[in-house]
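Because the structure is predicted, anything quoted here is derived from the model rather than measured. Lettering of chains follows the sequences in order, A, B, ..., and the numbering in each one begins at 1.
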Amino acid sequence: MGLIEQGLLIILLPLAGFFLVGLFGRKLPRQGDWLATGLVGASLALAVKTFVQVTLQHDPFAGARTSGPWLRFAPAEALSIGIMVDNLTASMLVVVGVVSFLVHLYSMGYMHGDPKYVRFYTVLQLFTASMFGLVLSDNLLTLYVSWELMGLSSYLLIGHYFEKPSAAWACLKAFMTTRVGDVLMFVGILILFLHVGSLRFADIFAAVADGRLAGSAQMWAGLLLFGGAMGKSAQFPLHIWLPDAMEGPTPVSALIHAATMVAAGVYLMARTYLLLSAETFLVVAYVGGFTAIFAASIGLVMDDIKKVLAYSTVSQLGYMMLGLGVGGFVVTGYTAGVYHLTTHAFFKAGLFLGAGSIIHAVHTQSLAQMGGLRRKMPVTFITFLIATLALTGLWPLSGFYSKDAIIASAIEFALRHPEHLALPIFAVLAAAMTAFYMFRLVFLAFFGDPRDAHAHSHAHESPLVMTFPLLVLAALSLPPVGGGHGNWFWIGNPVPLRGEVAQRYGVATAEQGQAKVSTEHGQPVLTTEGGVAHGEHPAADDPARRAHTMAIGASVTVLLIGFVLAWLIYIRRVVDPRALACRFAPIHRLLVNKYYIDEIVQAGVIRPVMALCRLVARADLWIVDGLVNLTALVTRAIAWVTGRADSHVVDGVVNGVADSAMTAGKALGRLQTGQVGTYLTGGVVGVVMLAGFVFWVLAR
Amino acid sequence: MVVPHILSWIVFAPLIGLAVMSVIPGAAGARAIKWVSLLTTLVVLALSSVLVAEYYGLAPEFRRAFIGLKQSSFPEGSASLFEERIPWIREYNIYYHVGADGLSVILVFLTALLSFLAVFSAWNIEKGVKGFHMLYMLLITGMMGVFVALDLFLFYVFWEVMLLPMYFLIGIWGGPRREYAAIKFFLYTLAGSVLMLIAILVIYMECRTFSIPELVANPPFADRPSVANWLWAGFFIAFAIKIPMFPFHTWLPDAHVEAPTAISVILAGVLLKMGGYGILRVNFPVFPAATHYFIGLVALFGVINIIYGALCAMAQTDFKKLVAYSSVSHMGYVLLGMASLTDAGMNGAVFQMFNHGTSSAMMFMIVGVIYDRAHHRDLSRFGGLGLQMPRYLTIAIIGFFASLGLPGLSSFISEVMVFLGAFKSQSTLGAPQAFGVVYSMQVLTILGTLGVVLGAGYLLYTMQRVYLGKPRDEYANFPDLRPVEYAALVPLAVISVVLGILPNLALNVFNGSMHSLLTLWPPAAAAGFAGL
Amino acid sequence: MMAEIGLTHYLVVAAILFALGVAGVLYRRNAVGMLIGIELILNAANVNLIAFARYADRGVGVPGVNGSAGLEGQVFAIFVIILAACEAAIGLAICINIFNKFGSIDADRADTMRG
């Protein structure tokens with residue numbers, strides 16, 4: 001079985017599951033959850049096989065791709081559909097497969113007894129299929145299709161408890177916010193289609209390489225695609241939907257809103273890495289960096305365990321974006337971003353599933369009602385702790401390497417271009433905050449005295465079907481599977497360098513286009529020349545080397561600071577957190593209210609749009625339709641006037657003749673005195689006049 | 001040819017049904033009449049399916065024909081386009097002339113499909129069953145006739161034949177304001193068709209023929225552009241009212257809201273398409289130069305339709321009115337697509353007509369389901385129906401997402417094609433430039449994509465208000481979908497999904513015809529696709 | 001000096017008679033008086049007829065009866081006299097009927113024909 005068939009099967013298995021479970025789930029034993037899980041398991045096996053086959057070649061262009069016509073515009077013209085497998089795809093396949101399989105498994109316990117169990121598994125299958133489809137797409141159109149289908153799955157799963165009004169609003173908000181980004185992305189696709197005439201990545205990259213796509217078109221295409229990524233990956237200011245998305249069941253939060261779907265934006269940026277221009281990279285880096293620190297600061301004060309993790313996710317996605325953005329100028333950035341995507345997927349999924357385990361046990365999401373759970377739920381505690389340490393970046397767990405790589409890339413970039421000093425500062429500050437809020441979370445949930453005795457007494461360890469995924473995910477954060485420089489994902493993702501595109505896609509002369517796109521601040525950084533080849537580490541006096549050292553120092557320092565602060569506040573109780581909140585009340589209020597972004601969006605976007613809608617609808621009713629009705633009214637008025645005119649003027653003439661005869665008769669009737677004398681007088685006068693006339697005539 | 005004279009059979013089979021119904025006593029035979037209606041429409045659907053199959057069976061060069069444009073190159077003449085041509089009124093050179101290319105075939109099939117499914121929606125109409133179904137049969141004949149007529153006079157006759165039953169169907173079986181709605185619909189359409197009639201007569205005075213193929217082969221007034229422009233406008237306004245294009249759209253919300261469900265389905269699913277069909281059948285090929293002149297305005301109005309309709313829909317509180325305005329928005333894509341004068345755009349426009357036919361039919365049926373149970377359509381009074389009627393929710397999700405153009409469902413394909421085509425187009429170089437207004441198709445297209453966001457907005461907001469949220473007690477004992485409702489909704493959902501995954505099933509029917517039509521504007525056609 | 005009595009004198013007498021007759025018809029309210037007035041008018045006409053007959057020269061005579069003094073005038077006068085008799089008979093009958101109907105022969109009171 002070739003790579004292509006394998007890839008196709010990876011998509012089709014869960015897709016078949018979607019139809020089978022959706023149509024017949026109710027009639028199957030156990031409502032078909034085993035079928036869904038089994039199909040995803042099979043996909044996972046194929047994904048791992050693909051990963052081994054492709055990634056071990058250490059070649060960014062290894063793999064296979066094929067495509068065929070799909071949308072036939074004209075007898076000879078069509079847009080293609082196709083499958084592409086390369087190392088990026090392979091890594092993503094494994095990540096998606098692992099998390100999806102484990103979440104399927106976990107949900108058997110977590111969702112047990114849910115009245116919408118079948119619906120849950122059906123949509124989960126659809127999601128898995130579309131996520132596989134996303135990473136296997138060889139063109140932007142099918143990528144967009146999968147992208148939107150994931151949006152649908154996300155909508156349906158966030159709205160799983162749709163009888164809760166908050167969930168109903170949350171799914172609407174999630175879909176609409178991402179839709180805004182999607183439309184930007186769609187316009188980007190239109191621009192690419194206009195300039196390249198095809199939506200296949202291969203054609204697009206070839207067009208960039210030979211200079212057909214350059215200048216502002218290239219910049220706008222990249223920026224607009226990033227707009228889509230911002231929506232999906234919850235980058236500021238389109239991040240507002242993700243915390244609300246926590247209304248969905250916790251396994252869904254783990255799969256979709258932590259590990260895979262939200263990383264699709266990062267994947268998109270990595271996939272289109274070869275088409276982005278320098279401006280786009282900068283925007284990506286700054287948006288990512290700002291999001292990282294912005295979301296982390298909100299995470300400091302959240303009370304809801306899932307909200308903390310949600311803001312943490314937003315922050316980490318910002319990290320990945322930062323890595324990719326810097327990756328435009330510093331080769332390690334790309335790998336670091338993608339690497340962080342994979343490590344983050346595992347430990348964040350672990351954290352969410354662990355949180356789910358806790359919620360399952362104590363039936364609350366509020367940290368204020370937890371505490372002292374570490375003895376009650378040892379497996380959950382250990383795995384949660386490992387994932388936390390990975391997220392905060394403790395050596396030698398996976399997060400240390402990936403986060404360190406991002407920080408190092410940012411520092412290296414700042415060393416080369418000091419005007420971008422803000423980027424490493426963002427990264428380091430966010431790391432400090434991450435350490436603080438994650439240890440705060442652990443301390444509040446697992447340590448100290450139980451704050452809610454009732455919940456605590458009922459708490460119990462989750463069944464094996466739920467703890468097994470926790471264990472697997474924790475193991476994936478440990479070296480050598482998930483950490484270390486020998487890590488598979490690290491070595492598996494060499495940077496696809498722009499110079500190579502030309503050779504790979506058979507473009508003869510690459511220099512022309514390359515010179516345009518790779519110049520930033522007068523210094524070519526995106527070329528194969530200059531001794532920076534993928535997989536190699538630079539020489540000792542190189543900024544990269546210094547950056548690496550500085551990054552390790554910085555990240556260890558901030559990790560310690562964060563940990564100690566959390567420990568002092570929440571374990572030793574040196575300072576009462578409430579007193580601290582009172583002390584810094586304005587800042588605290590700002591953070592608790594999430595910088596009032598929701599309110600700003602409500603007042604600045606939603607209300608005006610709704611007001612505009614009402615205005616237009618009213619205008620439609622009163623002006624446009626009013627004109628129609630006015631026409632009718634005027635016509636009727638004219639008809640009325642004509643009608644009156646008809647009865648009075650036209651018919652009036654007829655009647656008038658009769659009337660005047662009548663009137664004349666009446667008037668003349670007066671002459672008719674009935675007295676003979678009168679008549680005779682008349683006769684005589686008449687005769688006399690006649691005679692006079694005759695004489696007058698004769699006289700002439 | 002499996003069935004000789006297949007187009008005539010399709011057009012007049014409903015009249016046979018009508019004749020059968022007329023001998024069934026109305027009071028006692030209501031059930032029988034419904035069955036006759038169902039059977040007749042099923043026969044029409046079967047014949048239309050045969051038509052599609054036969055059309056597929058034609059050689060590729062025949063499938064590449066747009067009536068009047070490529071016929072001379074066919075060895076057997078017109079025989080393969082299902083043409084029938086017999087003199088009707090010799091003195092005035094009027095023929096009973098029907099025929100079908102890809103554009104006609106797909107719309108005939110859509111009409112047959114929707115008229116069959118709408119019978120299910122009309123199943124629970126108990127008032128005046130006989131009259132309803134007899135008028136319904138006449139309506140089908142009129143609609144089918146419009147889609148196959150190749151003689152302008154015949155076209156006009158069918159156009160008017162369709163109007164009359166519609167007037168009564170709305171006016172008698174409609175909602176509270178049915179008289180107002182019916183008269184508004186009737187007069188509005190009639191006002192348009194008067195303009196069309198004038199244009200037809202002017203053409204006849206000049207060319208002494210009503211034959212569309214002949215007119216396409218020898219465009220009238222080619223040497224007098226101003227006359228051609230006026231005639232173009234006359235036809236266009238008649239069709240634009242039908243589409244309906246802003247600002248001629250206000251008959252639509254009233255007519256849709258007041259009409260019974262089955263008639264709303266036909267109205268949105270088929271009648272609106274007659275406008276788009278007319279533009280593609282008459283305006284574009286008969287007046288290519290005038291089309292090129294006005295096309296930028298068409299695009300502009302298309303985008304206005306998209307956004308304006310969506311904004312209006314967002315503010316509605318009446319479920320059915322919301323769906324009606326969404327039709328305005330969706331038909332804007334049709335205008336924008338055909339105005340692009342590119343393969344992608346034109347095919348997108350035709351495909352969008354088909355998809356809007358299925359998706360809006362679904363939406364109206366979905367509204368009908370809840371209206372039958374709750375007897376109101378006030379969105380603010382619904383909520384939580386998803387929990388009480390889970391199957392209904394599932395169908396509604398497909399319907400709503402088909403309507404908002406979710407990938408994987410067919411409307412997405414057509415919207416993408418429209419946007420891809422429009423974005424490449426250079427259509428704004430005609431009249432707008434002549435009037436000194438300059439805007440680019442790219443900007444228009446980007447504005448049009450706003451409709452995608454707004455569309456998602458009003459549809460999901462509606463979904464949230466009707467199905468999600470806390471269940472309400474007053475709707476607690478509503479039964480889930482009945483078999484007859486399933487029968488109407490499921491086929492549409494299936495078609496939407498299948499065509500979303502395999503769009504070529506539909507695109508291959510008409511892309512040849514559209515491609516051939518595009519040869520009338522060589523520069524635009526030359527700027528076609530470099531894609532695979 | 002006495003001029004010879006000629007046609008003019010007759011005509012003057014007839015005119016006076018006629019005027020008296022007309023005045024009688026117009027201003028008498030008594031129906032019998034009106035009848036008398038009518039008689040005066042008719043006889044004024046007779047005088048004229050006779051006078052014209054007497055003085056008419058040849059040229060004025062009726063063609064075909066040239067040479068005779070012309071009896072046409074006299075004949076007409078006799079007709080008129082006969083007619084006057086008939087008329088008087090009818091007129092008196094009317095008077096009697098008016099009397100029977102209105103109780104008097106005052107013509108002004110018989111105004112049932114008033115419009």
Side-chain angles (χ1 to χ4, degrees), chain A residues 67 69-80 116 119 130 141 144-149 151-152 155-156 159 162-165 167-169 171-172 175-176 179-180 182-183 186-187 190-191 193-194 196-200 609-610 612-618 620-621 624-625 627-628 632, chain B residues 60 63-64 184 187-188 246-247 249-251 308 311-312 314-316 343-344 347 384 386-387 390 397 401 406-408 412-413 416-417 419-421 423-424 442 445-446 449-450 452-453 456-457 460-461 463-464 467-471 503-504 507-508 511-512 514-515 518 528-532:
Chain A
S67 62
W70 184 39
L71 279 189
R72 207 174 269 290
F73 301 143
E77 292 164 6
L79 269 186
S80 63
K116 286 175 264 184
R119 176 189 140 108
S130 34
L141 186 63
Y144 184 77
V145 169
S146 316
W147 184 272
E148 288 280 310
L149 284 176
L152 169 71
Y155 171 81
L156 294 173
F162 59 71
E163 59 275 15
K164 261 168 65 188
W169 280 111
C171 61
L172 178 65
F175 197 91
M176 286 312 299
R179 189 82 171 181
V180 170
D182 295 353
V183 165
F186 186 70
V187 175
L190 291 179
I191 291 175
F193 186 69
L194 181 66
V196 181
S198 161
L199 291 176
R200 283 189 306 179
V609 169
M610 291 308 285
L612 177 69
C613 291
R614 277 191 294 273
L615 184 74
V616 170
R618 226 165 274 164
D620 188 63
L621 196 63
V624 183
D625 199 29
L627 279 177
V628 175
Chain B
R63 265 190 277 141
R64 224 165 281 166
K184 194 170 179 181
L187 289 183
Y188 225 132
F246 173 88
H249 64 282
T250 57
W251 63 269
Y308 188 87
L311 287 176
C312 284
M314 187 90 88
Q316 299 304 321
D343 273 315
N347 282 303
L387 214 57
I397 286 174
F401 280 92
L406 186 87
F412 167 73
I413 307 288
V416 164
M417 288 172 71
F419 283 131
L420 287 179
F423 202 68
K424 295 198 81 133
Q442 280 73 37
T445 312
I446 291 172
T449 56
L450 276 183
V452 176
V453 182
L460 292 188
Y461 185 38
M463 172 139 250
Q464 197 254 353
Y467 303 96
L468 311 186
K470 276 203 182 65
N504 285 345
L507 290 175
N508 279 343
N511 60 14
M514 288 297 112
H515 189 63
L518 268 177
F529 286 96
L532 183 105

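- The residue among A/V145, A/L141, A/V609 with the most heavy atom pairs within less than 4.5 Å of chain B is A/V145.
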Yes or no on side chain to side chain contact (heavy atoms under 4.5 Å, CB included) for B/H249 and A/V628, after CA distance, side-chain angles and deciding distance? CA-CA 10 Å; B/H249 64 282; A/V628 175; over 6 Å; no
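- Both the backbone and the side chain of A/I191 come within less than 4.5 Å of a heavy atom in chain B.
- Counting heavy-atom pairs closer than 4.5 Å to chain B, the top-ranked of the candidates A/V183, A/L152, A/V616, A/L190 is A/L190.
- Considering only residues two or more places apart in sequence or on other chains, A/A168 meets the side chain to side chain contact (heavy atoms under 4.5 Å, CB included) condition with B/Q464, B/L468.
- Counting heavy-atom pairs closer than 4.5 Å to chain B, the top-ranked of the candidates A/R614, A/M610, A/M176 is A/M176.
- Side-chain rings of A/F186 and B/F419 approach one another, their centers coming within less than 6.0 Å.
- When heavy atoms are compared at a cutoff of 4.5 Å, B/Y188 approaches chain A solely by way of its side chain, counted from C-beta outward.
- For B/L406 against A/E148, the heavy-atom pair with the smallest separation is CD1-O, 3.9 Å.
- Ring geometry for A/Y144 against B/F412 counts as parallel: the plane angle stays under 30°, on a 0 to 90° scale with 60° as the upper cut.
- Chain A forms the most heavy-atom pairs under 4.5 Å with one residue out of B/N511, B/T445, B/I397, and that residue is B/N511.
- What you find for B/M417 and A/L71 is that their closest heavy atoms are CG-CD1, 4.0 Å.
- Counting all heavy atoms, side chain and backbone alike, B/L387 lies closest to A/K116 at CD1-NZ, 3.9 Å.
- For the set B/G512, B/P503, B/P390, the entry with the most heavy-atom pairs within less than 4.5 Å of chain A is B/P503.
- Contact annotation for B/P247: both backbone and side-chain heavy atoms come within less than 4.5 Å of a heavy atom of chain A.
- Chosen from A/L172, A/D620, A/V624, the residue pairing most often with chain B at heavy-atom distances under 4.5 Å is A/D620.
- In this structure, no portion of B/M514 lies under 4.5 Å from any heavy atom of chain A.
- Under the 4.5 Å side-chain criterion, counting only non-hydrogen atoms from C-beta, A/L79 is in contact with B/L420.
- Between A/R179 and B/V452 the shortest heavy-atom distance is NH2-CG1, 2.9 Å.
- Counting heavy-atom pairs under 4.5 Å between each of B/L507, B/N504, B/L450 and chain A puts B/N504 at the top.
- Of the atoms belonging to B/L187, not a single heavy atom falls under 4.5 Å from chain A.
- With a 4.5 angstrom heavy-atom cutoff, B/F401 touches chain A only via side-chain atoms.
- Both the backbone and the side chain of A/W70 come within contact range of chain B, judged by heavy atoms closer than 4.5 Å.
- Scored by the side chain to side chain donor-acceptor pair (under 3.5 Å) test, A/Y155 finds no partners at all (sequence neighbours excluded).
- A pairwise comparison of heavy atoms in B/G386 and A/F162 identifies C-CZ, 3.7 Å as the closest pair.
- Proximity to chain A is limited to the side chain of B/N347, based on heavy atoms less than 4.5 angstrom apart.
- Neither the backbone nor the side chain of A/R618 comes within contact range of chain B; no heavy atoms are under 4.5 Å apart.
- In this structure, chain A has heavy atoms under 4.5 Å from both the backbone and the side chain of B/L460.
- Contact between B/A315 and A/C613 at its shortest, heavy atoms only, is CB-O, 3.4 Å.
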